[in-house]
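Structure record follows, encoded as structure tokens.
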Amino acid sequence: MDYKETLNLPVTDFPMKANLVHKEPEVLKQWETEDIYGQIRKESAGKPKYVFHDGPPYANGHIHMGHALNKILKDFVVKFQSMKGFDATFVPGWDCHGLPIEHQVGKELKKKKQDFSKSEIRKLCREYAAKFVDIQKEEFKRLGVFASWDKPYLTMDYSYEATIVREFSKFIQKGMVYKGLKPVHWCTTCRTALAEAEVEYDNHKSPSIYVKFPVKSGWNNQIQGLDDSKTYFVIWTTTPWTLPANLAICLHPDFEYTAITHKGESWVVAKELAPGLLEEWDLQDAKIQGACSGKDLEGVVCQHPFIDRESPVILGDHVTLEQGTGCVHTAPGHGQEDYIVGQKYGLDTYNPVDDAGVFKPIVEHFAGQFVTKANPDIIEKMQADGTLIAASEVDHSYPHCWRCHQPIIFRATAQWFIPMDKDGFRAKALAEINKTRWVPHWGRERIYSMVENRPDWCVSRQRAWGVPITVLTCKKCEEQVTSPDVMAHIVKLVEQNGADFWFEKEAEELLPGGYKCSCGSAEFVKEMDILDVWFDSGVSHAAVLEGNPDMQWPADLYLEGSDQHRGWFHSSLLESVGTRSAAPYKTVLTHGYVVDGKGKKMSKSAGNVIAPQKIIDQYGAEILRLWVASENYREDIRISHEILKRLTEAYRKIRNTFRFLLGNLSDFDPKTDAVPVDEMEEIDHYILYRFRLVTERVLKAFGDFEFHVFYHSFYNFCIVDLSAFYLDILKDRIYTYPKNSRERRSGQTAMYDLLRGMAQLMAPILSFTSEEIWSYMPGRGNEVSSVHLSSFPDLSKVSFPDHLASKWEKLGQLKGEVSKALELRRQEKMIGHSLDALVRLELPSDLKSILEEEQKRDQLKYIFIVSAVEIADSLEKESNVYTSEAIAGLKISVHPAPGSKCERCWNYFVEEATPEHPSVCLRCVKNLESAKA
RNA sequence: GGGCCUAUAGCUCAGUUGGUCAGAGCGCACGCCUGAUAAGCGUGAGGUCGGUAGUUCAAAUCUACCUAGGCCCA
């Protein structure tokens, strides 16, 4: 007789091989046809809200690993909250305006660009953005992310553009928008401002000059013994043409400054640089005097070398000792750092250069000259005046216009600003930062110091693709229009016609009929600049959270990469504090950047870029999701083929565990076959208790956004608790007991609860596989159609007495020690399979009482998976005894199991067999008979 | 150059307020099984905690510096 036929071996169609690459699109299709996300939304109605707000990626190019990481994490959160019983919606968004798209469109048009009007270019930009929104949308969907993909928010939607205008008008009405000057890159040939991205760096020959500024006042003998009437501060510059705009000399507060005395004059320079300068200037008889620190010199006032103007000595941390003299010529109208330090000292952002790069008439000596052409004249004049110490030339990297390739200049131009320190704006923003939960906590420090130190927010850009700064100014009295009615009128026009309207209409057409300025004039000038795109995305909280019944303001969570402390978190905070006096979020979570296997950033030039599309095609999106869950994303997270290979193996192990559960549940109907927990075999009860612990740990980790805790806990549970311990022990019972026996049904009930609960627990992470498992689950006819529509298992009823839990823990530990003893005999070829063995134990007293109890029920041998266990008082007389290191007082001896091997259950038996089944043990005979009955 | 952050076995992670020989799983090696089978089980070998110098009776855990790396600025 073939006794194998009488066993209940696993049967299932659930494939061992996942074939994710082919399977996932099918699951996606099923989700779409059944509108699972829509069903979740419907089911959520009336539940407490969890408001997650999606930050908009830029609608340009295909998604990269950073996008994938970000959206998958968001999906984890939303799916978790949803299964936990919250109304959690995911409205995805895209950032559509801005320079990169305008550039791409310009590139495609090439030279024809000149023939296109602003409106036509804007139209092309809109089409371009729409195209990439669609592309990225499909790529995001492929990751298995559940979201309102058919109702996203786009910053170029008319309604969104109207929100931008409405929000900005709030700043205008509060008087929180002012026009000021700020240096920008400026091409004098194209007569246009350039963004950083439009600047190319190339080598260029410039003059290199040292100029002395005589001390006028404030000298208090900081450096001993100098004659202040003959003391000078020496600056170095490569742009002599910026000297007419010099307003200060900047020193580093912590550097030491000394004076070089030469022919009766004293020249103040940084001490560290003095020897080098002596050499460079070839001064034979000069001497270096004493020293003082930079901060001692603050307040000294010098005289401009050729203009009747004072130039005070100020302090700034940006001063370096790499080049020059440590005394920096400061022209706030011609340099970024000069501008910032100038603001601190209340200096004018003075710019005496016009659009064409020509000195304005106000400039003494050089009016009407093109700036770089004036360089030699300026040098010559100073030479003649005796204020020049040395002049030469340098070859250095210098910014050029990307279009005409001519050298560009830095030049202050009129820009619009939101002031940081008016009406306590900055202080309020800082206070709101402190009210927000930052995860990880150091996010607070990061954004706090940024907001604390940032200059006023420059919100204007001289570009085409964006939302206009809707400022109208009276032609006659130059008064800004701030009327709320006018603002509302403009918002309405934008809502109906889009922001293009502003550019297409005359100023007067943008106003309500008959509107006049308080001065009586009806003629206005409209602003042509557009808004910084950070303002666009900064109002998303207003556009998306408010007015949507699925949402509420503020959001519970913003979740983006750590670059957004400077970006979206920052602009959203300022916008929201400016208009609502509160942060738009309660919690802000950041993740690190995706780097390669060695921790280096991915770049085209390094050739180490891994594209998500490739991973999906090779491994499947599920592996990508598992990768996100496996790594601690708070730091930079690595990806490599080795890592993916490991994850694929881990995935296979998890999958096989489910396949085994499913295989052993093929004849199980939870409705009719389930055994109540208190009637279960103790080990079945125990494993459910273990699962309860894992579930609690995982759900807490999900709530704390610690997804890698899920990965490790869940995976370890599959391997250690299930595969190596419980399921290995359970096989004997499931296979050999009659189908409908309580013993077998008890084990099946535990396996069913595990199957169902584990599928739910992993659903936010392994969304595809959990769904696949769900469709194979016994009793699925009584379940919701998708695992994602279910709620996490409630295991609160699975209680287990502490003393039993500790007993099973000890049994588990003991099983490990038995394995060690068995392994020794296995190496000696005494045994092969563990069932070939009889194990004799000498036990410490505490263990002994526990084991004897277990032995009475004859369960020990099944736990150890050996054919016989004997408890001895002493193993002293035996040889080859294994002495445990882990458990004091434990000794184990291993012997060949006596009797013969049961052909059916493979356990050795010593009792007399029955005539009908001569090669089968009595337990099996009993089971065979009751199975027949 | 500045701000914030990171650095534990080949890989991914644990290591509570500094205090028993630094842990897990995978991978690897060796072996078993052939009734989860392109599966399953067992045993074993791998780190002195990026480096240096300190604080301390005692440091992976605190401090400083250095190195490598990341984000944001300049």
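Side chains included, hydrogens not; waters and symmetry mates left out as well; all remaining heavy atoms used. First the proteins, then the strands, lettered A, B, ... as listed; each starts at 1. Note that this is a predicted model, so its numbers are computed, not measured.
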Open item on the list: Once you measure the plane-to-plane angle for A/F668 and A/Y752, does it fall in the parallel (<30°), tilted (30-60°) or perpendicular (>60°) bin?
Closed with: tilted
Task: Intermediate values then yes/no, side chain to side chain contact (heavy atoms under 4.5 Å, CB included), A/Y711 and A/L647 - done: CA-CA 10 Å; A/Y711 172 77; A/L647 286 166; 3.8 Å; yes
TODO: Assign the ring pair A/F691 / A/F717 to parallel, tilted or perpendicular, where the plane angle (0 to 90°) is split at 30° and 60°.
DONE: tilted
- [ ] Quick one: label A/K829 by what it contacts on the DNA or RNA (base, sugar-phosphate, nothing), any heavy atom closer than 4.0 Å.
- [x] sugar-phosphate
- [ ] When you get a sec, tell me which of B/G70, B/C72, B/C13 is the closest nucleotide to the side chain of A/V595?
- [x] B/G70
Task: Distance, rounded to the nearest Å, where A/H641 contributes NE2 and B/U12 contributes P - done: 15 Å
Open item on the list: Could you tell me the Watson-Crick or G-U partner of B/U55, where both distances fall under 3.5 Å? Say none if there is no partner.
Closed with: none
Task: Selection: residues 626-634 of chain A, any non-hydrogen atom under 4.0 Å of RNA chain B - done: A/S630, A/E631, A/N632
Task: Where the chi angle of B/G50 falls, syn if within 90° of 0 and anti if not - done: anti
TODO: Ignoring the backbone of A/S819, work out which of B/G42, B/U12, B/C26 is nearest its side chain.
DONE: B/G42
TODO: Write down the partner of B/A68 under the Watson-Crick or G-U wobble criteria, each distance required to be under 3.5 Å.
DONE: B/U6
Task: Residue closer to the 5' end of RNA chain B, A/Y715 versus A/E635 (nearest nucleotide) - done: A/E635
Task: Who pairs with B/A60 - Watson-Crick or G-U, where each distance is under 3.5 Å - done: none
Open item on the list: Under 3.5 Å, is there any donor-acceptor pair linking the side chain of A/R446 to the base of B/C5?
Closed with: no
- [ ] Take atom C1' in B/G1 and the same atom in B/U16, then report the distance between them in whole Å.
- [x] 39 Å
TODO: Output the single nucleotide from B/C32, B/C72, B/C11 whose closest atom is nearest the side chain of A/R826.
DONE: B/C32
Open item on the list: Closer than 4.0 angstrom, basic N to acidic O: yes or no for A/E828 and A/R825?
Closed with: yes
Open item on the list: Measuring from the side chain of A/Q827 (C-beta onward, heavy atoms only), which nucleotide among B/C4, B/G42, B/G27 has the closest atom?
Closed with: B/G42
Open item on the list: Using atom P in both nucleotides, what's the gap between B/G15 and B/G35 to the nearest angstrom?
Closed with: 42 Å
Open item on the list: I'd like to know if the side chain of A/N8 reaches the main chain of A/Y737, judged simply by a donor and an acceptor atom lying under 3.5 Å from each other, with no hydrogens or angles considered.
Closed with: yes
TODO: Please work out if A/V720 contacts a base, only the sugar-phosphate, or nothing of the nucleic acid, heavy-atom cut-off 4.0 Å.
DONE: sugar-phosphate
Open item on the list: Once you measure the plane-to-plane angle for A/F702 and A/F707, does it fall in the parallel (<30°), tilted (30-60°) or perpendicular (>60°) bin?
Closed with: tilted
Task: Separation of atom CD1 in A/I637 from atom C1' in B/C13, rounded to whole Å - done: 13 Å
TODO: Between B/A29 and B/A45, how far apart are the C1' atoms? Round to whole Å, please.
DONE: 7 Å
TODO: Examine A/Y619 together with A/W627 and report whether their ring centres are nearer than 6.0 Å.
DONE: no
Open item on the list: I'd like to compare against my own output: the B/S/- annotation of nucleotides 45-50 of chain B with a strict under-4.0 Å heavy-atom distance to protein.
Closed with: ------
Open item on the list: For B/G47, give the paired nucleotide (Watson-Crick: N1-N3 plus N6-O4 or O6-N4; G-U: N1-O2 and O6-N3; both under 3.5 Å), or none.
Closed with: none
Open item on the list: Hydrogens and angles aside, do A/H917 and A/R904 bring a side-chain donor and acceptor to less than 3.5 Å of each other?
Closed with: no
Open item on the list: Classify A/G592 by what it touches in the nucleic acid, base, sugar-phosphate, or nothing, heavy-atom distance under 4.0 Å.
Closed with: nothing
TODO: Any strand is fair game: report the nucleotide pairing with B/G25 by Watson-Crick or G-U wobble, both distances under 3.5 Å, or none.
DONE: B/C11
Open item on the list: I need the A/E903 CD to A/K4 NZ distance, nearest 0.5 Å.
Closed with: 12.5 Å
Open item on the list: If the threshold is 4.0 Å, N to carboxylate O, is there a salt bridge linking A/R652 and A/E649?
Closed with: no
Open item on the list: Under 4.0 Å, counting only non-hydrogen atoms across every strand here, what does A/R566 touch: a base, just sugar-phosphate, or nothing?
Closed with: sugar-phosphate
What's touching nucleotides 34-39 of chain B from the protein side, N or O pairs under 3.5 Å?
unit_1, atom_1, unit_2, atom_2, d
B/G35, OP2, A/K4, NZ, 3.3
B/G35, O6, A/E903, O, 3.2
B/G35, O6, A/R904, O, 3.2
B/G35, O6, A/W906, NE1, 3.1
B/G35, N1, A/R904, O, 2.6
B/A36, OP2, A/Y735, OH, 3.0
B/A36, N7, A/K731, NZ, 3.2
B/A36, N6, A/S723, OG, 2.8
B/U37, OP1, A/R659, NH1, 2.6

Task: Integer angstrom distance from the C1' of B/C11 to that of B/C28 - done: 12 Å
TODO: Nearest-nucleotide wise, let me know which of A/M450 and A/Y711 is further upstream toward the 5' end of RNA chain B.
DONE: A/Y711
TODO: Check every strand shown and say whether A/G599 touches a base, only sugar-phosphate, or nothing at a heavy-atom separation below 4.0 Å.
DONE: sugar-phosphate
Open item on the list: Whether the A/E823 and A/Q827 side chains hold a donor-acceptor pair (N or O, under 3.5 Å, no angle test) is what I'd like checked.
Closed with: yes
Task: Spacing of A/H565 atom NE2 relative to B/C71 atom P, expressed in whole Å - done: 15 Å
Open item on the list: By nearest atom, which of the nucleotides B/U43, B/G69, B/U12 is closest to the A/K820 side chain?
Closed with: B/U43
Open item on the list: Between B/A59 and B/A64, how far apart are the two C1' atoms, rounded to whole Å?
Closed with: 15 Å
Open item on the list: Using the P atom as the point on both nucleotides, what is the distance between B/U56 and B/U12, in whole Å?
Closed with: 37 Å
Open item on the list: Other residues, nucleotides and ligands only: do more than 12 of their heavy atoms fall within 6.0 Å of NZ on A/K653?
Closed with: yes
Task: For B/G1, the Watson-Crick or wobble partner whose two distances fall under 3.5 Å - done: B/C73
Open item on the list: Expressed as a whole number of angstroms, how long is the span from A/E885:CD to B/U43:P?
Closed with: 14 Å
Open item on the list: With a 4.0 Å cutoff (strictly under), does any side-chain N or O of A/H712 reach OP1 or OP2 of B/C26?
Closed with: no
Open item on the list: Which nucleotide wins on minimum distance to the side chain of A/D563, given the candidates B/C72, B/G10, B/G31?
Closed with: B/C72
Task: Counterpart base for B/C41, defined by Watson-Crick or G-U wobble contacts under 3.5 Å - done: B/G31
Task: Sugar-phosphate, base or nothing in reach of A/G816, heavy atoms under 4.0 Å - done: sugar-phosphate
Task: Student check: side-chain heavy atoms of A/L574 and A/M420 closer than 4.5 Å - done: yes
Task: Aromatic plane relationship, A/H565 with A/F569 - under 30° parallel, 30 to 60° tilted, over 60° perpendicular - done: perpendicular
Task: Inter-nucleotide C1' distance (B/C4, B/U20), Å rounded - done: 37 Å
- [ ] For A/E337, report the nucleic acid contact type (base, sugar-phosphate, nothing); a contact means any heavy atom under 4.0 Å.
- [x] sugar-phosphate
- [ ] Round to the nearest Å and state the distance from A/H318 atom NE2 to B/G3 atom P.
- [x] 17 Å
Task: Parallel, tilted or perpendicular: rings of A/F660 and A/Y735 (30°, 60°) - done: perpendicular
Task: d(CG, A/D596; P, B/C11) in whole Å - done: 13 Å
